Amino acid sequence: QQQVKQSPQSLIVQKGGISIINCAYENTAFDYFPWYQQFPGKGPALLIAIRPDVSEKKEGRFTISFNKSAKQFSLHIMDSQPGDSATYFCAASKIQGAQKLVFGQGTRLTINP
Amino acid sequence: DTEVTQTPKHLVMGMTNKKSLKCEQHMGHRAMYWYKQKAKKPPELMFVYSYEKLSINESVPSRFSPECPNSSLLNLHLHALQPEDSALYLCASSQVLRAQRGYTFGSGTRLTVV
């Protein structure tokens with residue numbers, strides 16, 4: 001029940017294209033769903049996050065879509081750029097208290113110029 | 001200051017050594033975390049401190065000993081580690097009451113056990 005399943009494992013997108021990464025969770029007690037971007041040798045950096053009371057959140061080229069009934073959420077990167085090449089992790093947690101972040105397995109995204 | 005600072009960045013230690021990893025933040029966060037990350041894997045939670053008290057221990061072996069001396073500092077004491085403990089050790093911090101601003105991760109300590 002603590003799992004977050006992420007797909008695909010790796011993704012190659014042409015510059016200017018749309019990158020889509022999907023995640024599914026099991027625990028309905030989760031109420032905070034962040035996405036992290038990690039470059040080699042660096043720690044994960046928060047990209048964007050969503051609460052289950054909204055179905056979509058957009059920040060610049062990054063959009064989270066959230067489907068509460070299906071227990072799924074996805075990250076869309078519009079106009080993908082070579083600088084977006086990194087590993088992306090979805091995660092889930094409860095927002096109250098010092099809680100464990102449950103991570104998906106990660107997606108290695110490569111944007112070809 | 002919106003950073004979590006970890007030292008050292010790299011550490012090589014023998015299986016009989018004792019060493020410590022350090023983490024510092026000045027964002028006023030009262031929750032601090034240790035995560036372990038192996039290559040091509042997601043971070044795995046080790047410990048959580050809330051208001052300087054250990055609140056979660058994910059069944060971590062006793063050769064890893066955390067310490068939170070004050071609200072800004074978090075240490076991880078290492079003793080008698082095994083080669084399989086080689087990994088990137090990440091520190092993170094967050095607000096306690098509402099973590100909606102997200103966890104802030106440090107850049108990690110790359111640990112190699114020889």
Side-chain angles (χ1 to χ4, degrees), chain A residues 2-11 21 23 25 29-54 57 59 62 64 66 75 86-110, chain B residues 2-6 9-10 21 23 25 27 29-60 68 71 74 87-110:
Chain A
Q2 287 290 318
Q3 278 190 320
V4 176
K5 295 181 181 178
Q6 183 173 347
S7 62
Q9 271 190 304
S10 62
L11 180 62
I21 305 170
C23 284
Y25 65 99
F30 290 147
D31 58 358
Y32 175 67
F33 302 90
W35 284 89
Y36 283 85
Q37 179 189 57
Q38 187 175 25
F39 292 105
K42 298 291 186 183
L46 179 65
L47 200 56
I48 187 172
I50 198 166
R51 300 289 311 279
D53 51 344
V54 297
K57 183 174 181 180
E59 289 184 3
F62 302 94
I64 300 179
F66 188 84
L75 176 70
T87 299
Y88 292 80
F89 293 100
C90 63
S93 177
K94 298 176 191 175
I95 200 168
Q96 288 287 356
Q99 298 286 348
K100 173 181 180 177
L101 263 180
V102 180
F103 284 91
Q105 288 301 302
T107 296
R108 181 169 285 189
L109 175 63
T110 302
Chain B
T2 57
E3 285 187 344
V4 172
T5 303
Q6 290 188 243
K9 293 193 183 309
H10 302 276
L21 308 184
C23 174
Q25 57 89 16
M27 294 178 281
H29 290 170
R30 301 301 296 275
M32 296 187 77
Y33 311 78
W34 281 114
Y35 280 81
K36 173 182 177 180
Q37 187 176 26
K38 301 282 264 184
K40 299 184 180 181
K41 294 292 186 182
E44 294 179 357
L45 182 67
M46 299 175 72
F47 303 104
V48 179
Y49 274 83
S50 178
Y51 297 107
E52 296 87 69
K53 291 191 188 324
L54 184 65
S55 60
I56 299 177
N57 177 341
E58 290 282 289
S59 302
V60 178
C68 190
S71 61
L74 186 66
L88 181 68
Y89 287 84
L90 294 162
C91 174
S93 69
S94 74
Q95 298 177 9
V96 174
L97 294 179
R98 290 189 71 80
Q100 63 186 344
R101 292 186 184 176
Y103 295 46
T104 301
F105 281 87
S107 288
T109 294
R110 176 74 59 187

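Computed from a predicted structure; not experimentally measured. Convention: sequence-line order gives letters A, B, ...; per-chain numbering from 1.
Only the side chain of A:Q38 comes within contact range of chain B, with at least one heavy atom under 4.5 Å from a heavy atom of that chain. Using a 4.5 Å cut-off between heavy atoms, B:Y35 touches chain A through its side chain atoms alone. Heavy atoms of B:E58 lying under 4.5 Å from chain A belong exclusively to its side chain. Within the 4.5 angstrom heavy-atom criterion, atoms from both the backbone and the side chain of A:P44 approach chain B. For B:E44, no part sits under 4.5 Å from any heavy atom of chain A, backbone or side chain.
Annotation: maximal heavy-atom pairing with chain A below 4.5 Å, among B:P43, B:S50, B:S107, occurs at B:P43. Interface remark: of the candidates B:P42, B:A31, B:A92, B:P42 forms the most heavy-atom pairs closer than 4.5 Å to chain A. Listed options A:R108, A:K42, A:Q105 were ranked by heavy-atom pairs under 4.5 angstrom with chain B; first place goes to A:Q105.
Inter-residue side-chain proximity for A:L46 and B:Y103 is flagged as unmet; no heavy-atom pair is nearer than 4.5 Å. Between B:Y33 and B:L45, the closest side-chain pair of non-hydrogen atoms falls below 4.5 Å.
A donor-acceptor contact closer than 3.5 angstrom links the side chains of A:Q6 and A:T107.
Ring planes of A:F66 and A:Y25: parallel class, angle under 30° (limits at 30 and 60°).
Taking the six-membered ring for Trp and the full ring otherwise, B:F105 and A:Y36 have centroids separated by under 6.0 Å.
Under the side-chain hydrogen bond (donor to acceptor under 3.5 Å, both in side chains) criterion, B:K36 pairs with no residue at all, not counting sequence neighbours.
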